[in-house]
Amino acid sequence: MSVEHFDVLVVGAGLSGIGAGYHLQTQCPGKRYAILEGRRDLGGTWDLFRYPGIRSDSDMFTLGYSFRPWKEAKTVAEGPAILQYLRETAEEFGIDRHIRFQQRVRSASWSSQQARWTVEVTRGEDKELVSYTCHFLYLCSGYYDYEQGHAPQFAGSDDFQGQLIHPQQWPGSLDYRDKRIVVIGSGATAVTLIPALAQTAAHVTMLQRSPTYLLVLPTDDRVAQMLGKLCPEWLAHRLTRWKNVLLGIYFYQLCRRSPERAKKFFRAQLAKELPPNFDIETHFQPHYGPWDQRVCIVPDANLFRTIRDGRVSVVTDQIANLTKHGVALQSGRELQADIIVTATGLKLLPCGGVRLFVDGEAVEPGQSLTYKGVMLSNVPNLAACVGYINAAWTLRADLSSAYVCRLLNYMDRHGYTSCMPRWDDAALEGRPLLGLTSGYVQRAADLFPKQGAKAPWLLHQNYLLDLLTLHFSRVNDGFVVFSKGSPRAVPHRKVSPLTMHNSEP
Ligand SMILES: Cc1cc2nc3c(=O)[nH]c(=O)nc-3n(C[C@H](O)[C@H](O)[C@H](O)COP(=O)(O)OP(=O)(O)OC[C@H]3O[C@@H](n4cnc5c(N)ncnc54)[C@H](O)[C@@H]3O)c2cc1C
């Protein structure tokens with residue numbers, strides 16, 4: 001049976017994969033590409049998560065694509081609106097015709113002799129095994145496990161007589177009207193979910209082990225509105241996007257370089273929004289520095305409004321066990337609940353769970369270095385799309401896809417069949433890819449590629465630096481081996497665990 005061949009195979013039809021499709025067909029129009037998507041529909045994150053209130057945590061001028069401006073008035077968008085935007089983008093540019101649904105990529109094997117990947121896929125309900133070959137493999141598979149979220153086991157879970165729900169598997173039919181709900185967690189999901197639940201629930205308790213930095217932002221962007229009146233639409237969008245990029249970089253740098261000033265700013269916002277005798281120190285003053293972990297957005301201070309109204313209370317304590325009627329805390333207190341929501345985070349997964357092989361040898365992503373945050377050391381003709389942790393994902397995804405296209409065009413111009421970032425510097429140290437101290441990042445740090453201490457092995461969390469590194473730098477920078485036949489055989493060198501250390505982002 002003949003195996004279908006593509007110039008480029010993209011894995012995943014989420015925000016990154018759809019963006020990759022756009023870049024490929026506009027910047028490499030001669031390339032035949034397909035997007036393999038494991039699920040029945042496109043949208044990834046924005047199709048999977050269906051809990052009440054699901055919304056963006058970034059402004060949509062930067063989370064939306066540069067090539068298709070976000071036109072709604074609100075800067076923070078609800079999940080269904082983002083999904084609709086992704087659907088319309090895929091349709092408008094004919095990207096949807098390239099997507100093959102229910103095709104989960106299991107493994108990909110590179111042959112240096114043939115200079116191509118063989119990709120093994122399970123297709124459809126019956127999980128029929130199918131193979132494809134491609135010249136270049138582009139993983140746009142996100143960063144977490146779609147099968148399950150992080151769900152810590154609580155003693156006494158079987159005793160609890162109410163409903164125990166993880167936001168990643170939210171039951172559409174759940175009736176929470178007039179119910180007492182305890183939401184375990186203090187991250188973006190909890191902060192998003194709680195004000196939405198509080199609209200009809202009897203009461204919602206936010207139960208957290210430790211607080212998170214919360215930033216109040218208005219959902220109306222006055223500057224964007226003013227620019228919209230003064231400039232043509234394309235210019236207003238471009239200026240607003242740049243304004244938000246620069247403000248984001250400024251705020252992140254302020255947090256990292258002047259944490260005490262930033263802490264004062266966070267505290268002043270809280271003092272303004274919360275009732276006068278609210279214990280801010282216990283409930284909203286984290287024990288780490290701003291941006292050691294993700295800062296969560298509270299649009300129009302909605303969470304604080306529900307606290308002021310008495311519909312939401314915050315408890316900072318440790319769980320002892322679940323009981324028949326709720327949660328017993330280590331302080332001895334018990335919280336009554338009809339529903340417990342475990343907003344305890346994601347389970348991170350590198351490379352969409354695709355097992356990679358180079359000439360028969362297994363690639364352990366956790367033992368590779370990232371090259372410019374796009375390719376993996378000593379792995380030929382492969383890129384992986386990674387967004388920002390401190391800004392909108394799409395800003396980096398756009399740069400990553402544009403870089404892949406530059407690389408492919410460069411190879412075509414020079415007749416190269418393969419490219420491989422070569423890392424043979426034993427002195428390089430492997431540092432975690434994502435410099436966050438959050439539990440969900442730390443738990444999976446070993447599984448993800450590492451970054452080095454210097455360019456081009458660094459993953460910048462900075463759009464301006466990435467613009468220089470990915471957009472304006474030379475493709476042939478001396479670190480990538482280009483080859484007309486097979487790439488020079490380089491052993492798949494591993495990052496020595498002895499030289500690994502935690503680092504600042
Ligand atoms: C609840 C939530 C809210 C978020 N909010 C924001 C935000 O406001 N701003 C922001 O910047 N980021 C946010 N993020 C991060 C978010 O994941 C990105 O914004 C963006 O959606 C990532 O897009 P992606 O296409 O790279 O990955 P995903 O959206 O995860 O899509 C990956 C796709 O690849 C498919 N796939 C994975 N593995 C395989 C495989 N082996 N074979 C076939 N298909 C596969 C999946 O089915 C999925 O469709 C949020 C994340 C979550 C979970």
Side-chain angles (χ1 to χ4, degrees), residues 12-15 17-18 37-57 60 63 72 74 76-91 96 99 101-102 104 124-125 127 141-152 154 157-158 160-185 187-207 296 299 302-303 306 311-312 322 326-327 337-347 349 440:
L15 198 152
I18 294 167
E37 169 52 56
R39 308 182 75 237
R40 289 160 180 270
D41 207 346
L42 55 74
T45 298
W46 304 104
D47 182 49
L48 175 73
F49 280 86
R50 299 293 176 115
Y51 58 76
I54 170 86
R55 59 160 170 82
S56 68
D57 211 33
M60 287 306 297
L63 189 62
E72 309 285 325
K74 296 278 175 205
V76 171
E78 294 186 347
I82 301 176
L83 183 57
Q84 184 60 19
Y85 168 79
L86 293 176
R87 285 208 177 111
E88 286 171 6
T89 306
E91 234 175 80
D96 52 353
I99 306 175
F101 291 106
Q102 286 193 289
R104 179 149 300 279
E125 299 293 341
K127 302 201 183 326
S141 42
Y143 61 102
Y144 63 86
D145 192 341
Y146 271 65
E147 299 300 314
Q148 49 183 319
H150 173 63
F154 298 112
S157 298
D158 293 339
F160 179 57
Q161 290 187 340
Q163 280 174 286
L164 191 61
I165 291 163
H166 194 286
Q168 196 163 325
Q169 282 107 18
W170 193 269
S173 57
L174 182 75
D175 181 10
Y176 54 88
R177 187 179 294 263
D178 299 327
K179 298 282 190 328
R180 295 161 305 171
I181 308 176
V182 171
V183 177
I184 302 171
T189 303
V191 169
T192 303
L193 186 56
I194 289 168
L197 294 176
Q199 286 179 15
T200 56
H203 188 77
V204 185
T205 306
M206 176 175 177
L207 171 58
C296 300
N302 62 359
L303 174 70
T306 57
R311 285 178 283 146
V312 170
L322 302 196
V327 189
D338 305 304
I339 299 171
I340 297 175
V341 181
T342 50
T344 42
L346 303 165
K347 188 173 158 206
L349 180 72
Y440 74 102

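The model shown is predicted, which means the values in this text are computed figures rather than measured ones.
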Residues Ala190 and Pro195: closest non-hydrogen pair is O-CD, 4.4 Å
Please check this pair: side chain of Thr306 against backbone of Arg311, looking for a donor-acceptor N/O pair closer than 3.5 Å. no
Side chain of Gln102, backbone of Lys127: donor and acceptor closer than 3.5 Å? no
Gap separating the NZ atom of Lys347 from the NE2 atom of His166, nearest 0.5 angstrom: 11.0 Å
Closest non-hydrogen atom pair, Ala90 against Leu42: CB-CD2, 3.7 Å
Are the side chains of Phe154 and Ile340 in touch, meaning some heavy atoms are under 4.5 Å apart? no
Residues Val76 and Ser56: closest non-hydrogen pair is CG1-O, 3.3 Å
Any side-chain heavy atom of Ile194 within less than 4.5 Å of one from Val341? no
Sub-4.5 Å side-chain heavy-atom contact between Met206 and Val183: no
Heavy-atom closest contact (Leu193 atom, Pro167 atom, distance): CD2-CG, 4.5 Å
Report yes if some heavy atom in the side chain of Glu147 is under 4.5 Å from a heavy atom in the side chain of Leu349; otherwise report no. no
Hey, does Phe49 have a side-chain heavy atom less than 4.5 Å from the side chain of Gln168? yes
When you compare the side chain of Leu164 with that of Leu322, does any pair of heavy atoms fall below 4.5 Å? yes
When rounded to the nearest 0.5 Å, the distance separating CD of Glu37 from CZ of Arg104 is 7.0 Å
Heavy-atom side-chain contact between Ile165 and Tyr51 under 4.5 Å: no
Nearest atoms (heavy-atom pairs only) where Ala337 meets Val182: CB-CG2, 3.7 Å
If you measure from CG on Asp96 to OG1 on Thr89, what distance do you get to the nearest 0.5 Å? 10.5 Å
Report the C-alpha distance between Thr205 and Val327 in whole Å, list the side-chain angles of each, state the deciding distance to 0.1 Å, and finish with yes or no for side chain to side chain contact (heavy atoms under 4.5 Å, CB included). CA-CA 11 Å; Thr205 306; Val327 189; over 6 Å; no
Does a salt bridge link Asp47 with Arg40, judged by any charged N lying under 4.0 Å from a carboxylate O? no
Distance from Gln199 atom CD to Tyr176 atom OH, nearest 0.5 Å? 7.0 Å
Could you state the interatomic distance from CG (Leu346) to CD (Gln148), rounded to the nearest 0.5 Å? 11.5 Å
Locate the shortest heavy-atom distance separating Ala188 from Asp57; write the atom from each residue and the value. CB-OD2, 4.1 Å
For Tyr144, all residues meeting side-chain hydrogen bond (donor to acceptor under 3.5 Å, both in side chains), sequence neighbours excluded: Thr45, Tyr146
Give the C-alpha distance, both sets of side-chain angles, the deciding distance and a yes or no for salt bridge (charged side-chain N to carboxylate O under 4.0 Å, His left out) between Asp338 and Lys179. CA-CA 6 Å; Asp338 305 304; Lys179 298 282 190 328; over 6 Å; no
Working to the nearest 0.5 Å, report the span between CG of Asn302 and OG1 of Thr192. 8.0 Å
